[in-house]
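All chains are named by letter (A, B, ...) in the order of the sequence lines, taking the proteins before the strands, and each is independently numbered beginning at 1. These values consider heavy atoms only, across backbone and side chains, with no hydrogens, waters or symmetry-generated copies.
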Amino acid sequence: MIADDLVAALDAALHTIGLEVPSSGLEVVPTKNREHGDWQTNVAMVLAKSAGAAPREVAGRIVAALEAAAPAHVARTEIAGPGFINFHLASTWLYDVLGAVIGDGAAYGHGDAYADLAVNLEFVSANPTGPLHAGGGRWVAVGDAIANLLAAQGARVHREYYLNDAGHQLDIFAASLMARYRGEQPPEDGYQGAYLIDMADAMRADLGDDVSAEQAADWGYHAVVAELRDDLARIGVHFDTWFSERTLHERGDVTDVLTALREGGHTYERDGAEWLASEALGDQRDRVLVRSNGTTTYLTNDLAYHRDKLARGWTHLIDIWGADHHGQVKSLQVAMRALGVGTEAAPEPEIILGQLVKLERGGVVVRLSKRAGTVITLSDILDEVDPDVARLTFLLQGIDTALTFDLDVVTAQSMENPVYYVQYAHARVCSIARRAADGGVVRPQFADIDPSVLVHERELDLLRALAEYPETLRHAAALRAPHRVTTWVRDFASRVHGFYRDCRVITDDPALTHARLWLVESARIGLAGSLAILGVSAPEAMERLDVDEDGGEADGDGGEAGFEPAGE
RNA sequence: GCCCUCGUAGCUCAGGGGAGAGAGCAACCGCCUCCUAAGCGGUAGGUCGCAGGUUCGAAUCCUGCCGAGGGCACCA
């Protein structure tokens, strides 16, 4: 990588003139403005104070030393602005990028930052008492993409879904199902959703007219889990493990946790309940472990669960939670530390918090009411838009910001969704390759082409973006921020479209055609690779939509928001 | 009251110490005898919530305030 070469050269130059490398390290970054060259460093400004000289003067010394041993590709070095050192490179550095992309293929941009990590990533984990809520789609998309990101950095990643199938909620669910089965209203505090009526009918069809409460509880549970699995499959997410909370109770893991905490002297009795002295460990307050009725709380069970994940050999635990659970983060981490976790070998669980999704319909907030049974499910969304649209919609922005999902906007404008912009770039690029093949244009071996014919700004722009891709993936993985990949690929797609417009690939100039065919292949690799991280498909062909062919795509679902004929 | 996240263009959001702050949508103006126009180019649009502080340099870090969302159960 050119950046590494420049860092090495700077390091050597500093050594030559007797300056220390800044403690923050050497920073060489791409310039934002082309006029400032290709890469820039701020070392001179960082070192000015300790060197006891003006930044530009320090820069001058560094540049002099650099020129004595000029690194490859550097055409010109200049001092600019308050003391930046700008590197103007020959475009040969970009031909190296092209070579790297072609050489690595689908693995281009991947790294080994997490090669030693065995990650257990738990996400979604919605209670098995009904279908997946539409807002939960955010965790589906984000979790899967984070898993892909970590895997692309060499981690072994395990996707896990925790089924809270031992608590009170499930009893209430079973009672609600049983009530519907008998044609009655669910209990006051029960699940009012209409889906239970359908489910009760299905149960009757399955088990007949004489179903016991126990049978109903069991049947209902399995039906819900099957439905969760189906919904997730529809959007293309597969979990390696569906972990049942019951297991923890049956095996005695929960009592083991209690024993360990007691032995550590972290528990006490009050008001007939058993408490964890978590405030002393850094929590906001103490927490109940065992209720006065003898049952264990969510926290206790969750501790047993996290211990089990470690016992199964996962060295790094990650949970993705909605912000509505933020109050539990500290409790879990602090208690895990009390259990001896939090060491180098067993770091405490990493909790990724995401802000909640606000559902709207036509600008009006859809309030979810259990009583009224107003529920919009993920599968409702998938009935209206394809999984790629749903996924990318959830991956457009950072997880720290609340996301508004307007069902009308997302469905009515699904054709304008950025996902098609990116996929179209991929389809176009594939189309070129197809055309070339159909026309009998044979792409020579990469080693046999002359990349130096690639001099158009559009061509170089593609390679510049590809040069930054590995760094983008690394950052996205480190920050657990898949939306950075979305941002990158949208920008890259824009460059691909620009190139497509301005640079004809298949021409009567064989050298240029051959080089561009490989360039196009590198673009395909970049698009397909980043889309794969996001869990979005990369179609090789898409139909052209012409404005005057108004309509199209009538989804026939009685949609009141049909597509307007768009043009005058 | 305490804790977490967010306030950037009309709207939805990128950028999270570096040089005139970016994109998409919406508005306006252009571009298909040529590899798919789901495309490309251009114009217009900003006190980066407010006030202090740190720094050579702050939209970015710190503090306070204002505003929005989410938490503060012997629910999960």
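In the interface, the side chain of A:Asn86 is paired with the base of B:A19 through a donor and an acceptor atom under 3.5 Å apart. The base of B:G71 is not paired with the side chain of A:Asp324 by any donor and acceptor separated by under 3.5 Å. A donor-acceptor contact under 3.5 Å links the side chain of A:Ser292 to the base of B:C74.
Between B:C40 and A:Arg495, no contact under 4.0 Å exists linking OP1 or OP2 to a side-chain N or O. Within the 4.0 Å cut-off from OP1 or OP2 of B:C3, not a single side-chain nitrogen or oxygen of A:Lys330 is found. The phosphate of B:A37 has OP1 or OP2 within less than 4.0 Å of a side-chain N or O from A:Arg428. At least one side-chain nitrogen or oxygen of A:Arg458 sits closer than 4.0 Å to the OP1 or OP2 atom of B:G41. The phosphate of B:C74 (OP1 or OP2) has no side-chain N or O of A:His168 nearer than 4.0 angstrom. OP1 or OP2 of B:C2 has not a single side-chain nitrogen or oxygen of A:Arg285 nearer than 4.0 Å. Distances shown here put a side-chain N or O of A:Thr401 below 4.0 Å from the OP1 or OP2 atom of B:A14. Between A:Tyr421 and B:C40 there is a side-chain polar atom (N or O) within less than 4.0 angstrom of OP1 or OP2.
Judged by centroid separation below 5.5 Å and plane tilt below 30°, A:His36 stacks onto the base of B:A19. In this pair, A:His325 lays its aromatic ring flat on the base of B:A76, centres within 5.5 Å and planes under 30 degrees apart. An aromatic stack links A:Phe84 and the base of B:A19, using centre distance under 5.5 Å and interplanar angle under 30°.
Note: CD1 (A:Ile85) to P (B:A19) measures 17 Å, nearest angstrom. One can place CZ of A:Arg504 at 5 Å from P of B:C35, the figure rounded to the nearest angstrom. For A:Glu360 and B:A68, the CD to C1' distance is 13 Å, given to the nearest whole Å. Atom NZ in A:Lys49 sits about 12 Å away from atom P in B:U54, given to the nearest Å. A straight line from CZ of A:Phe499 to P of B:C34 spans 19 Å, rounded to a whole angstrom. Nucleotide B:C4 holds its P atom 17 Å from the CG atom of A:Leu356, rounded to whole Å. Look at NZ on A:Lys358: it is 15 Å from C1' on B:U5, rounded to the nearest Å.
Using a 4.0 Å heavy-atom distance criterion, A:Asp271 is classed as a base contact. Residue contacts for A:Gly398: at a heavy-atom cut-off of 4.0 Å it reaches the sugar-phosphate backbone alone, with no base atom in range. Note on A:Ala80: a base of the nucleic acid sits closer than 4.0 angstrom, heavy atoms only. Counting non-hydrogen atoms under 4.0 angstrom, A:Ala427 reaches a base of the nucleic acid. The residue A:Ala436 sits apart from the nucleic acid: no heavy atom pair falls under 4.0 Å. Using a 4.0 Å heavy-atom distance criterion, A:Gly327 is classed as a sugar-phosphate-only contact. Within the nucleic acid shown, A:Arg287 has no heavy atom closer than 4.0 Å to any nucleic acid atom. A:Val290 comes within 4.0 angstrom of no nucleic acid atom, judged by non-hydrogen atoms across all strands. In this structure, A:His326 reaches the bases: a heavy-atom distance under 4.0 Å links it to at least one base atom across the strands shown. Heavy atoms of A:Asn42 sit under 4.0 angstrom from at least one base atom. Across all strands shown, A:Ala273 has heavy atoms under 4.0 Å from base atoms, whether or not it also approaches the sugar-phosphate. A:Gln423 comes within 4.0 angstrom of nothing in the nucleic acid, heavy atoms only. Within the nucleic acid shown, A:Gln397 comes within 4.0 Å of sugar-phosphate atoms alone, with no base atom in reach, counting heavy atoms only. A:Asn33 comes within 4.0 angstrom of a base, heavy atoms only.
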Can A:Gln423 and A:Asp388 be said to form a side chain to side chain donor-acceptor pair (under 3.5 Å), step by step? CA-CA 10 Å; A:Gln423 290 183 321; A:Asp388 290 331; 3.0 Å; yes

List the steps and the verdict of side chain to side chain contact (heavy atoms under 4.5 Å, CB included) for A:Leu462 and A:Val496. CA-CA 7 Å; A:Leu462 287 180; A:Val496 171; 3.7 Å; yes

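A donor-acceptor pair is defined here as one N or O able to donate and one able to accept, closer than 3.5 Å; such a pair exists between the side chain of A:His497 and the backbone of A:Tyr421. A donor-acceptor pair is defined here as one N or O able to donate and one able to accept, closer than 3.5 Å; no such pair exists between the side chain of A:Arg391 and the backbone of A:Gly137.
When each of A:Tyr305, A:Phe123, A:Trp242 is tested with A:Tyr162 by the rule ring pair (Phe, Tyr, Trp, His ring centres under 6.0 Å), just one qualifies, namely A:Tyr305. If you run salt bridge (Lys or Arg N to Asp or Glu O under 4.0 Å) between A:Lys309 and each of A:Asp319, A:Asp302, A:Asp253, only A:Asp319 comes through.
Residue A:Arg484 has its side chain nearest to B:G15 when only B:A76, B:C56, B:G15 are considered. Among B:G20, B:U36, B:G69, the nucleotide with an atom closest to any side-chain atom of A:Met542 is B:U36. In the set B:A37, B:A19, B:A76, B:A19 carries the atom at the smallest distance from any side-chain atom of A:Lys32.
A salt bridge links A:Asp461 to A:Arg464: at least one charged side-chain nitrogen sits closer than 4.0 Å to a carboxylate oxygen.
Residue A:Gly498 is the one, among A:Thr296 and A:Gly498, whose nearest nucleotide of RNA chain B lies closer to the 5' end (criterion: closest heavy atom).
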What protein N or O atoms touch nucleotides 26-31 of chain B N or O atoms at under 3.5 angstrom, if any, and at what distances?
from	atom 1	to	atom 2	distance (Å)
B:C31	O2'	A:Arg501	NH2	3.2
B:C31	O2	A:Arg501	NH2	2.9

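Of the C1' atoms belonging to B:G15 and B:G46, the separation is 15 Å, rounded to the nearest Å.
With no hydrogens or angles considered, no side-chain donor-acceptor pair links A:Ser24 and A:Glu27 at under 3.5 Å. Judged by distance alone, the side chains of A:Asp509 and A:Thr507 never bring a donor and an acceptor atom under 3.5 Å apart.
Relative to the ring axis of A:Phe405, A:Arg138 does not place its NZ or CZ within 45° and under 6.0 Å from the centre.
Ring-plane geometry between A:Trp488 and A:Phe492 is classed as parallel, the angle between the planes falling under 30 degrees on a 0 to 90 degree scale with a further cut at 60.
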